[in-house]
Amino acid sequence: MKFTTSVLGLAAIAHTASAHYMFTALLHGTEGSTAAVRQAQNNSPVRPVTSLDMRCNTNAIPAKETITVSAGDTVGFRLSAAIFHQGPASIYLGKAPGNAADWDGSGDNWFKIAEWGATQKPFTFTDVGKTELTTTIPKDTPSGQYLVRAEQIALHVLPPEYYVGCAQINVVNGGSGNPPKLSIPGHISPNDPGVNVDIYQVPSPSSYTVPGPTVWRG
(Lines give C-alpha, C1' and ligand atoms only; values in the text may rest on other atoms or scores of the structure.)
Protein backbone atom coordinates (compact mmCIF):
# COMPACT_ATOMS: atom_id res chain seq x y z
CA MET A 1 0.00 0.00 0.00
CA LYS A 2 2.82 2.39 0.86
CA PHE A 3 4.50 1.57 -2.44
CA THR A 4 1.26 2.20 -4.37
CA THR A 5 0.73 5.51 -2.60
CA SER A 6 4.29 6.59 -3.43
CA VAL A 7 3.86 5.68 -7.09
CA LEU A 8 0.60 7.62 -7.30
CA GLY A 9 2.24 10.59 -5.64
CA LEU A 10 5.14 10.56 -8.07
CA ALA A 11 2.73 10.27 -10.97
CA ALA A 12 0.81 13.31 -9.74
CA ILE A 13 4.04 15.31 -9.43
CA ALA A 14 5.13 14.28 -12.93
CA HIS A 15 1.75 15.27 -14.39
CA THR A 16 1.90 18.64 -12.66
CA ALA A 17 5.39 19.32 -14.00
CA SER A 18 4.39 18.27 -17.52
CA ALA A 19 1.53 20.77 -17.41
CA HIS A 20 4.00 23.64 -16.95
CA TYR A 21 5.42 25.70 -19.80
CA MET A 22 7.88 28.48 -20.62
CA PHE A 23 8.08 31.25 -23.21
CA THR A 24 11.20 30.10 -25.05
CA ALA A 25 11.34 31.92 -28.42
CA LEU A 26 10.55 35.43 -29.58
CA LEU A 27 8.51 35.40 -32.78
CA HIS A 28 8.89 38.20 -35.33
CA GLY A 29 6.92 37.70 -38.50
CA THR A 30 7.88 34.21 -39.68
CA GLU A 31 11.16 34.20 -37.77
CA GLY A 32 11.92 32.95 -34.26
CA SER A 33 14.77 33.75 -31.87
CA THR A 34 15.63 32.02 -28.63
CA ALA A 35 18.66 34.29 -28.21
CA ALA A 36 16.47 37.39 -27.70
CA VAL A 37 14.59 35.76 -24.81
CA ARG A 38 15.60 36.02 -21.17
CA GLN A 39 15.31 32.28 -20.67
CA ALA A 40 13.69 30.92 -17.52
CA GLN A 41 15.78 28.56 -15.38
CA ASN A 42 12.93 26.03 -15.36
CA ASN A 43 9.21 25.74 -16.07
CA SER A 44 8.03 26.49 -12.54
CA PRO A 45 5.42 29.26 -12.21
CA VAL A 46 5.97 32.55 -10.40
CA ARG A 47 4.17 33.43 -7.15
CA PRO A 48 2.94 35.70 -5.63
CA VAL A 49 1.70 38.44 -7.96
CA THR A 50 3.59 41.00 -5.84
CA SER A 51 6.96 39.32 -6.47
CA LEU A 52 9.65 41.15 -8.45
CA ASP A 53 9.99 37.91 -10.42
CA MET A 54 6.68 38.83 -12.08
CA ARG A 55 8.69 41.06 -14.41
CA CYS A 56 10.71 38.47 -16.32
CA ASN A 57 10.69 35.27 -14.23
CA THR A 58 13.05 34.01 -11.50
CA ASN A 59 16.76 34.60 -12.15
CA ALA A 60 16.19 34.51 -15.91
CA ILE A 61 19.27 33.90 -18.05
CA PRO A 62 20.31 37.11 -19.87
CA ALA A 63 19.35 37.33 -23.54
CA LYS A 64 22.12 37.35 -26.12
CA GLU A 65 20.56 39.71 -28.64
CA THR A 66 17.98 42.43 -29.20
CA ILE A 67 15.78 41.99 -32.28
CA THR A 68 14.87 45.02 -34.42
CA VAL A 69 11.19 45.23 -35.34
CA SER A 70 9.06 47.92 -36.97
CA ALA A 71 5.96 49.37 -35.37
CA GLY A 72 3.08 47.43 -36.90
CA ASP A 73 5.05 44.17 -37.15
CA THR A 74 3.84 40.89 -35.71
CA VAL A 75 5.63 39.75 -32.54
CA GLY A 76 4.99 37.19 -29.87
CA PHE A 77 6.26 34.05 -28.18
CA ARG A 78 6.54 30.35 -28.80
CA LEU A 79 6.03 28.19 -25.73
CA SER A 80 7.84 25.04 -24.65
CA ALA A 81 4.49 23.22 -24.50
CA ALA A 82 0.86 23.98 -25.22
CA ILE A 83 -0.92 26.08 -22.61
CA PHE A 84 -2.61 23.53 -20.39
CA HIS A 85 -4.10 25.43 -17.46
CA GLN A 86 -7.30 27.46 -17.79
CA GLY A 87 -6.68 31.19 -17.44
CA PRO A 88 -6.06 34.39 -19.38
CA ALA A 89 -2.92 35.56 -21.16
CA SER A 90 -1.52 38.99 -22.03
CA ILE A 91 1.39 40.59 -23.85
CA TYR A 92 2.99 43.76 -22.51
CA LEU A 93 5.63 46.19 -23.71
CA GLY A 94 8.02 47.86 -21.30
CA LYS A 95 9.92 50.95 -22.51
CA ALA A 96 13.55 50.64 -21.51
CA PRO A 97 15.19 53.86 -20.27
CA GLY A 98 18.24 52.92 -22.37
CA ASN A 99 19.34 49.57 -23.77
CA ALA A 100 16.84 46.80 -23.14
CA ALA A 101 19.68 44.45 -22.22
CA ASP A 102 20.59 46.69 -19.27
CA TRP A 103 17.07 47.16 -17.89
CA ASP A 104 15.62 45.13 -15.02
CA GLY A 105 12.02 46.08 -15.81
CA SER A 106 11.61 48.47 -12.88
CA GLY A 107 9.54 51.67 -12.98
CA ASP A 108 6.23 52.79 -14.46
CA ASN A 109 7.19 51.79 -18.00
CA TRP A 110 4.79 48.96 -18.88
CA PHE A 111 1.61 48.82 -20.96
CA LYS A 112 -0.52 45.98 -22.33
CA ILE A 113 -0.91 45.50 -26.09
CA ALA A 114 -2.86 42.21 -26.29
CA GLU A 115 -4.89 39.81 -24.16
CA TRP A 116 -6.71 36.47 -24.41
CA GLY A 117 -9.78 36.17 -22.21
CA ALA A 118 -12.73 33.85 -21.64
CA THR A 119 -15.66 32.69 -23.71
CA GLN A 120 -19.02 31.44 -22.48
CA LYS A 121 -21.05 28.23 -23.05
CA PRO A 122 -18.82 26.51 -22.29
CA PHE A 123 -16.78 28.75 -20.00
CA THR A 124 -13.19 28.40 -21.20
CA PHE A 125 -10.16 30.53 -22.07
CA THR A 126 -9.09 31.28 -25.63
CA ASP A 127 -5.35 30.74 -25.02
CA VAL A 128 -5.69 27.14 -23.82
CA GLY A 129 -4.03 24.71 -26.22
CA LYS A 130 -1.97 27.36 -27.98
CA THR A 131 1.78 26.91 -28.47
CA GLU A 132 2.23 30.48 -29.74
CA LEU A 133 0.86 33.85 -28.67
CA THR A 134 1.29 36.69 -31.20
CA THR A 135 0.04 40.22 -31.74
CA THR A 136 1.19 43.33 -33.61
CA ILE A 137 3.20 46.24 -32.25
CA PRO A 138 0.76 49.19 -32.29
CA LYS A 139 1.82 51.56 -35.08
CA ASP A 140 1.77 54.55 -32.69
CA THR A 141 4.35 52.90 -30.39
CA PRO A 142 7.33 55.26 -30.04
CA SER A 143 10.64 54.03 -31.40
CA GLY A 144 13.16 52.73 -28.90
CA GLN A 145 14.19 49.62 -27.04
CA TYR A 146 11.63 47.56 -25.14
CA LEU A 147 11.09 44.40 -23.23
CA VAL A 148 8.17 42.45 -24.68
CA ARG A 149 6.60 40.34 -21.94
CA ALA A 150 4.15 37.45 -22.02
CA GLU A 151 2.03 36.43 -19.04
CA GLN A 152 -0.36 33.52 -18.57
CA ILE A 153 -2.39 33.21 -15.37
CA ALA A 154 -3.25 29.63 -14.39
CA LEU A 155 -6.48 29.63 -12.40
CA HIS A 156 -6.70 25.92 -11.57
CA VAL A 157 -5.42 26.84 -8.10
CA LEU A 158 -5.91 29.94 -5.94
CA PRO A 159 -3.88 32.05 -5.52
CA PRO A 160 -3.07 31.38 -9.16
CA GLU A 161 0.19 30.46 -10.84
CA TYR A 162 1.84 32.96 -13.18
CA TYR A 163 3.86 31.95 -16.24
CA VAL A 164 5.93 34.86 -17.53
CA GLY A 165 8.75 35.54 -19.96
CA CYS A 166 10.53 38.51 -21.55
CA ALA A 167 12.43 39.22 -24.76
CA GLN A 168 14.39 42.23 -26.00
CA ILE A 169 13.33 44.26 -29.04
CA ASN A 170 14.29 47.52 -30.71
CA VAL A 171 11.25 49.23 -32.23
CA VAL A 172 11.91 51.38 -35.34
CA ASN A 173 9.60 53.40 -37.59
CA GLY A 174 7.49 54.17 -34.55
CA GLY A 175 4.85 56.77 -33.85
CA SER A 176 4.10 59.40 -31.25
CA GLY A 177 1.70 57.51 -29.00
CA ASN A 178 1.75 57.97 -25.24
CA PRO A 179 0.20 54.89 -23.63
CA PRO A 180 -0.61 55.00 -19.91
CA LYS A 181 2.10 53.06 -18.11
CA LEU A 182 2.42 51.20 -14.83
CA SER A 183 4.89 49.08 -12.90
CA ILE A 184 5.28 45.32 -12.67
CA PRO A 185 4.61 44.13 -10.04
CA GLY A 186 1.71 46.47 -9.42
CA HIS A 187 -0.14 45.82 -12.66
CA ILE A 188 -2.47 43.33 -10.96
CA SER A 189 -3.90 43.65 -7.47
CA PRO A 190 -3.96 40.46 -5.37
CA ASN A 191 -7.62 41.35 -4.78
CA ASP A 192 -8.52 41.60 -8.48
CA PRO A 193 -11.62 39.44 -9.13
CA GLY A 194 -9.89 37.98 -12.18
CA VAL A 195 -7.26 36.24 -10.03
CA ASN A 196 -9.72 35.11 -7.36
CA VAL A 197 -12.40 33.53 -9.51
CA ASP A 198 -13.45 29.92 -8.98
CA ILE A 199 -13.40 28.57 -12.53
CA TYR A 200 -14.98 25.31 -11.33
CA GLN A 201 -18.05 26.90 -9.77
CA VAL A 202 -21.53 25.79 -10.85
CA PRO A 203 -22.98 27.59 -12.64
CA SER A 204 -19.88 28.88 -14.45
CA PRO A 205 -18.93 32.55 -14.15
CA SER A 206 -21.26 34.65 -16.33
CA SER A 207 -18.52 37.13 -17.22
CA TYR A 208 -14.77 37.52 -16.90
CA THR A 209 -12.44 40.51 -17.17
CA VAL A 210 -8.74 39.88 -17.82
CA PRO A 211 -6.71 41.28 -14.91
CA GLY A 212 -4.41 44.23 -15.44
CA PRO A 213 -4.69 47.43 -17.46
CA THR A 214 -6.80 47.84 -20.57
CA VAL A 215 -5.16 46.99 -23.87
CA TRP A 216 -3.53 49.95 -25.63
CA ARG A 217 -3.59 49.88 -29.42
CA GLY A 218 -2.69 53.51 -30.13
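Values below: all heavy atoms of this structure, side chains included; hydrogens, waters and symmetry mates excluded. Here the structure is a predicted model, which means the values were calculated and not measured.
In this structure, Y92 has its ring center closer than 6.0 angstrom to the ring center of H187. Checked against the 6.0 Å centroid threshold, F123 and F125 count as a close aromatic pair.
Hydrophobic clustering, with ILVMFWY side chains joined whenever heavy atoms are under 4.5 angstrom apart, keeps L26 apart from V164. Y208 and I83 end up in different hydrophobic clusters when Ile, Leu, Val, Met, Phe, Trp and Tyr side chains are linked at under 4.5 Å. No path of Ile, Leu, Val, Met, Phe, Trp and Tyr side chains, each step under 4.5 Å between heavy atoms, connects V215 with L182, placing them in separate hydrophobic clusters. Hydrophobic clustering (ILVMFWY, side-chain heavy atoms < 4.5 Å, transitive): M22 and V128 are in distinct clusters. Linking Ile, Leu, Val, Met, Phe, Trp and Tyr whenever their side-chain heavy atoms come within less than 4.5 Å puts I153 and V49 in one cluster.
Taking the charged nitrogens against the carboxylate oxygens, R149 and E151 do have a contact shorter than 4.0 Å, which makes a salt bridge.
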Show the numbers, then the answer: is there a side chain to side chain contact (heavy atoms under 4.5 Å, CB included) between L93 and T141? CA-CA 10 Å; L93 289 180; T141 302; 4.1 Å; yes
Would you please test T119 and T126 for side chain to side chain contact (heavy atoms under 4.5 Å, CB included) and show each step? CA-CA 7 Å; T119 59; T126 58; 3.5 Å; yes
Step by step, work out the side chain to side chain donor-acceptor pair (under 3.5 Å) result for S33 and E65. CA-CA 9 Å; S33 169; E65 66 179 359; 2.6 Å; yes
Test side chain to side chain contact (heavy atoms under 4.5 Å, CB included) applied to T214 and K112, step by step: CA-CA 7 Å; T214 57; K112 186 193 291 187; over 6 Å; no
Could you give me the CA-CA distance, side-chain angles and deciding distance for H20 and F84, then say whether side chain to side chain contact (heavy atoms under 4.5 Å, CB included) is met? CA-CA 7 Å; H20 292 180; F84 179 81; over 6 Å; no
For R55 and S106: C-alpha separation, side-chain torsions, deciding distance, then whether side chain to side chain donor-acceptor pair (under 3.5 Å) applies. CA-CA 8 Å; R55 291 173 184 161; S106 59; 4.8 Å; no
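At least one side-chain heavy atom of L52 sits less than 4.5 Å from a side-chain heavy atom of P185. Y162 has its side chain within reach of V195: a pair of non-hydrogen atoms, C-beta onward, lies under 4.5 Å apart.
Looking at every heavy atom in both residues, I169 comes nearest to T66 through C-CG2, 3.5 Å. Nearest heavy-atom pair, T50 versus P190, reported as atom, atom and distance to 0.1 Å: CG2-CG, 3.9 Å. Among all heavy-atom pairs drawn from A40 and N57, the shortest one is CB-ND2, 3.7 Å. Summarising the geometry of C56 relative to R38, their closest heavy-atom pair is SG-NH1, 4.2 Å, with the distance given to 0.1 Å. Residues L155 and G194 share a closest heavy-atom pair of CD2-O, 3.6 Å.
With values rounded to the nearest 0.5 angstrom, H28 atom NE2 is found 8.5 Å from I67 atom CD1. From E161, atom CD reaches atom CD of Q152 across 9.5 Å, with rounding to the nearest 0.5 Å. From I113, atom CD1 reaches atom OG1 of T135 across 5.0 Å, with rounding to the nearest 0.5 Å. Here E132 contributes atom CD and L79 contributes atom CG; the two are 8.5 Å apart, rounded to the nearest 0.5 Å. Note: S70 OG to N170 CG = 9.5 Å, rounded to the nearest 0.5 Å. Between atom CD1 of residue I91 and atom CZ of residue F111 there is a gap of 12.5 Å, rounded to the nearest 0.5 Å.
For K139, the NZ atom is loosely surrounded, since the number of other residues' heavy atoms within 6.0 Å does not exceed 12. Within 6.0 Å of CD on E31 lie no more than 12 heavy atoms contributed by other residues, nucleotides or ligands.
Neither side chain, R78 nor T34, offers a donor N or O lying under 3.5 Å from an acceptor on the other. A side-chain donor-acceptor contact under 3.5 Å links D53 and T58. For the residue pair Q86 / T124, a side-chain donor-acceptor distance below 3.5 Å is found, with atom types taken as modelled.
For the ring-ring contact (aromatic ring centres under 6.0 Å, His included) with W110, the lone residue among W216, Y146, W103 that qualifies is W103.
The aromatic rings of Y163 and H85 sit parallel to each other, their planes meeting at less than 30°, with 60° as the upper class boundary.
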